[in-house]
Structure formats: structure tokens, C-alpha cells
Amino acid sequence: MNTQQRSEQYVATTYARFPVTFTHGKGSLLWDDTGKEYIDLGSGIAVNTLGHADEAWAAAIHAQLLQVAHTSNLYYTAPQAELAQTLCTRTGMSRVFFSNSGAEANECMIKTARKRGAGRSTIVTLEGSFHGRTIATLTATGQPAMHGDFAPLPAGFKYAKPNDIADLQAKLDDSCCAVMMELVQGESGVLNLNKDYVQAVAQLCKENNLLLLVDEVQTGNGRCGSLFAWQQFGVSPDIASTAKGLAAGLPLGATMFAASTCNVLGHGSHGSTFGGNPACCAAALHVLNRLDDALLADVQAKGEAIRTALQDHPGVKSISGMGLMLGIETVRPAKDIAADCLAQGVALLTAKDKVRLLPALNIPMQQLQQGIDVLVKFL
């Protein structure tokens, strides 16, 4: 019985997998169990920030594992404290709660908004959004097709049309405590919010004593060409969540609180056994230290290079996204393109009807160009 057969027999059937078994990688290259080489343009769905088997990243984790791997949050550890300080220093936020995933980071954001609301509990999210697969974050997700099998869903969410400030304003009433949004909707096809719209939402929140919640699970940690996407939109969230690329392959979520919300949660009001694990925090510290201005500028330059290579192709209808989080609307079905590229040694993703590109932020330009050249063949 090989790996694929064993998985099909024993792993829950919740994923439609490509028929490939990857065994190892280095940088932005992967190899399968037949020895075939692939260029990775998906980075584990925006997780492997520094690619595969980065030696300095692995050394930082290994050094921490040889000291203490886990203590629980009943005690202090240096990596967690240092990571919280780094995140706050580089964003202007005031405190951080650590968890294990983006869904958990969003759950914390929802709970904090409701606690601060003191009786006002409704959160307005956007149609097409994706915030997670727990019951609360699934309900926050503005995609009704994902809701049906899991009713009854919890009350307290409304959905507004993206980039339509009048529709959002119409959804606000005395029950609302917050507006929650992704600045680029990744799972819905890499759809950008307009900067003017985001700023208008922030102003509405300020005028109505609502919290502005920004979900940076996929857009954060350099993915869009700044440490967090909100830094390019000219707004300051009251709470922001992130995960995915934060620890570049280890599970870590973070919920960051501005001064307006940093003291809402008190002892016992929220918690996580594994959240802020020292090894994961050591990994994240290493990642943040690598995400300097030069690398972030390089992310933007690579994103522009991809746009330039594809924008005039007759098989491309449109390109959306920011930095190295791009969605390509194609004439051919995106899933067919992804399958063809995989057969030719390029692993990429889809989002709805689009090809989605999420390469490692430090992918060498030569490998990126090789991957795009293969993509062009199948557009």
C-alpha cells in the first residue's frame, strides 16, 4: 500500500487532492516520490514564506526545541514575549493573543468584539469573504454555499456587498459592534477591496463606535508587499488576525489588539493550550527578522513582473491581488490549467474560477520566470 492508497483508506475524505506525493523540497523546488522536480508557486497556500527546508529557519526552531518545546500559557517564555513585542513594534498595535490557526485567530477577534460590545453583538462581514471553518468563523464567512450542511448556525452576523459603502451603511444598526473584512478576499478569487472603500469603512466605524476588524490570515506577513496589507490602505484596525505565513510552516495564529481593545480580554476570558508555543514563536521571530524593507520591496517587484508577463496574454481576462498574492482570471478553466502545469512540473493553486499564485516570498527570479513560462503555455 503506497502513501496515496493509505491516505485514501485512513484519512478523512475532506480534500480533493492532486495525485502527487511530495517527499522533500529545497527553497521553491519540490520533489515527488518518483524523483520528479516541481517549481512551487503555491507555498502550502501562502504558508511557506521562506520556501522549503530553509536552514536558518530550521536552526532557529531546532535551537528552541533543545531548550523547551512547550510549557503552556501558565508560565512565561522568552520567544512568545519577544514575538509579541516585535509584532506590536512593527505595526503600532498594543497586545497580542497567540493561537494555532487563522480560524482560531478570527474566533478570538469575534469574541473580543462581542465582549467589548457589551450587549451589541452583530458583526457585519462581506459577501464572498472567508474567515475559517469553525462554526462561528464559518458563519462569518459570506458564502452561503458553505453554510447549508452545518445549520443551525449562530446568530449575530450580517453580510454587505464588497466595495459598496451604501450597502454596508444600510446593514448597520444598534445591534452592531464591528465590521470584519479581508482587504484581499483570497478564497473567493483574490478580490481586492478598493482603498477608498476601506477608508470609508474605517470612518463609518469611528463615527458609529464600531470596531474595525481586519482578517490578515492570508494577506499578512509580507504576502502583499508590506508586513500587513492594511499598511497599504491607510487604516489602523482595532483588531487584526493573522496566521499562515507567520511561522513559515509551523502552526501559529495571532490576534493583535490596538489600544482601543488591548484590555478587553482578562484572565480566564480566552485561552489556548498550544497558542504561542515557544518553537513556533522562535520560527515566527526568524521570519519577521527576515521580512525587511528589501525583501518586501522585492515581493512587490516580483508581483509586477508576473503582471507584466501575463497581462497582455489572450488567455488572460484579468489579474487581481497584491504583491505575491495574485489571481488570474483565465479563458480556459483554471482547474485544467493547474492540472496541466502540475504535469509539467509547476505546482500552483486555484481560487474559484481563477489561477492563484502564492509563491514563497524569496523565490529566485529565475525559478519564478520558469514557472510563469510553463503557465503561459497552458493559458
Side-chain angles (χ1 to χ4, degrees), residues 3 18 20-65 218-227 243-252 279-280 282-310 321-326 328 338 341-350 355-377:
T3 296
F18 289 101
V20 175
T21 301
F22 289 125
T23 59
H24 62 288
K26 184 64 179 175
S28 287
L29 297 177
L30 283 165
W31 287 268
D32 69 15
D33 55 357
T34 71
K36 181 177 176 179
E37 180 183 283
Y38 300 78
I39 296 173
D40 183 7
L41 298 185
S43 66
I45 317 182
V47 168
N48 301 319
T49 307
L50 304 174
H52 302 277
D54 184 272
E55 293 181 5
W57 171 82
I61 299 166
H62 185 243
Q64 183 59 46
L65 288 174
Q218 189 168 152
T219 55
N221 311 299
R223 177 55 52 185
C224 291
S226 53
L227 187 59
K244 284 192 179 290
L246 179 58
L250 294 188
L252 182 65
C280 295
L285 273 169
H286 180 81
V287 171
L288 291 178
N289 287 336
R290 298 267 292 271
L291 291 180
D292 58 16
D293 290 342
L295 181 54
L296 294 174
D298 194 45
V299 168
Q300 295 196 31
K302 289 171 181 172
E304 286 304 312
I306 295 172
R307 288 177 181 273
T308 299
L310 299 179
M322 298 171 63
L324 287 176
M325 179 179 178
L326 296 176
I328 298 105
C341 286
L342 190 67
Q344 291 297 311
V346 174
L348 48 76
L349 307 169
T350 62
V355 170
R356 178 167 46 159
L357 302 180
L358 298 165
L361 303 190
N362 62 346
I363 183 172
M365 185 61 83
Q366 181 181 3
Q367 290 177 6
L368 179 60
Q369 187 59 61
Q370 290 173 343
I372 296 303
D373 288 346
V374 172
L375 171 60
V376 166
K377 292 179 182 179

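Numbering starts at 1 and runs along the sequence shown. Quick caveat, the model's predicted, so the values are computed rather than measured.
By the side chain to side chain donor-acceptor pair (under 3.5 Å) test, T350 is found to be paired with no residue, residues two or more places apart in sequence or in another chain being considered. A search for side chain to side chain contact (heavy atoms under 4.5 Å, CB included) contacts involving Q369 returns I372, D373, not counting sequence neighbours. With sequence neighbours left out, T3 forms a side chain to side chain donor-acceptor pair (under 3.5 Å) with no residue at all. Evaluation of the side chain to side chain donor-acceptor pair (under 3.5 Å) rule for T219 yields E216 as partners, not counting sequence neighbours. Residues meeting the ring pair (Phe, Tyr, Trp, His ring centres under 6.0 Å) test with F18, sequence neighbours left out: none. Under the rule for a side chain to side chain contact (heavy atoms under 4.5 Å, CB included), the partners of V374 that lie at least two apart in sequence or sit in another chain are C341, Q344, V346, F378. With sequence neighbours left out, N48 forms a side chain to side chain donor-acceptor pair (under 3.5 Å) with no residue at all.
S43 places a side-chain N or O within donor-acceptor distance of the main-chain N or O of L358, the cut-off being under 3.5 Å. The main-chain N or O of L324 is found under 3.5 Å from a side-chain atom of R223 such that the two form a donor-acceptor pair.
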Output a table of donor-acceptor pairs, distance under 3.5 Å, between side-chain atoms of residues 56-65 and any protein atom two or more places apart or on a different chain; print 'none' if there are none.
from : atom 1 : to   : atom 2 : distance (Å)
W57  : NE1    : A247 : O      : 3.0
Q64  : NE2    : V68  : O      : 2.9

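Atom CG of L348 sits about 8.0 Å away from atom CD1 of I328, to the nearest 0.5 Å. Taken from CG in L41 to CG in L30, the straight-line distance is 10.0 Å, to the nearest 0.5 Å. Rounding to the nearest 0.5 Å gives a distance of 9.5 Å between SG of C224 and CD of Q300. The distance from atom CG of N221 to atom CG of L252, rounded to the nearest 0.5 Å, is 9.0 Å. L285 contributes atom CG, which lies 11.5 Å from atom SG of C280 (distance to the nearest 0.5 angstrom).
Between W31 and H24, the ring-plane angle classifies as parallel under the 30° and 60° cut-offs.
Between L310 and L375, the closest side-chain pair of non-hydrogen atoms falls below 4.5 Å. In this structure the side chain of I45 reaches within 4.5 angstrom of the side chain of K244, judged on heavy atoms. The closest side-chain heavy-atom distance from L368 to I39 is not below 4.5 Å.
The salt bridge (charged side-chain N to carboxylate O under 4.0 Å, His left out) pairs that include a residue from residues 284-299 are D54-R290, D298-K302, where partners are two or more places apart or lie in different chains. Applying the salt bridge (charged side-chain N to carboxylate O under 4.0 Å, His left out) test to residues at least two apart or on different chains, none of the pairs has a partner in residues 31-44.
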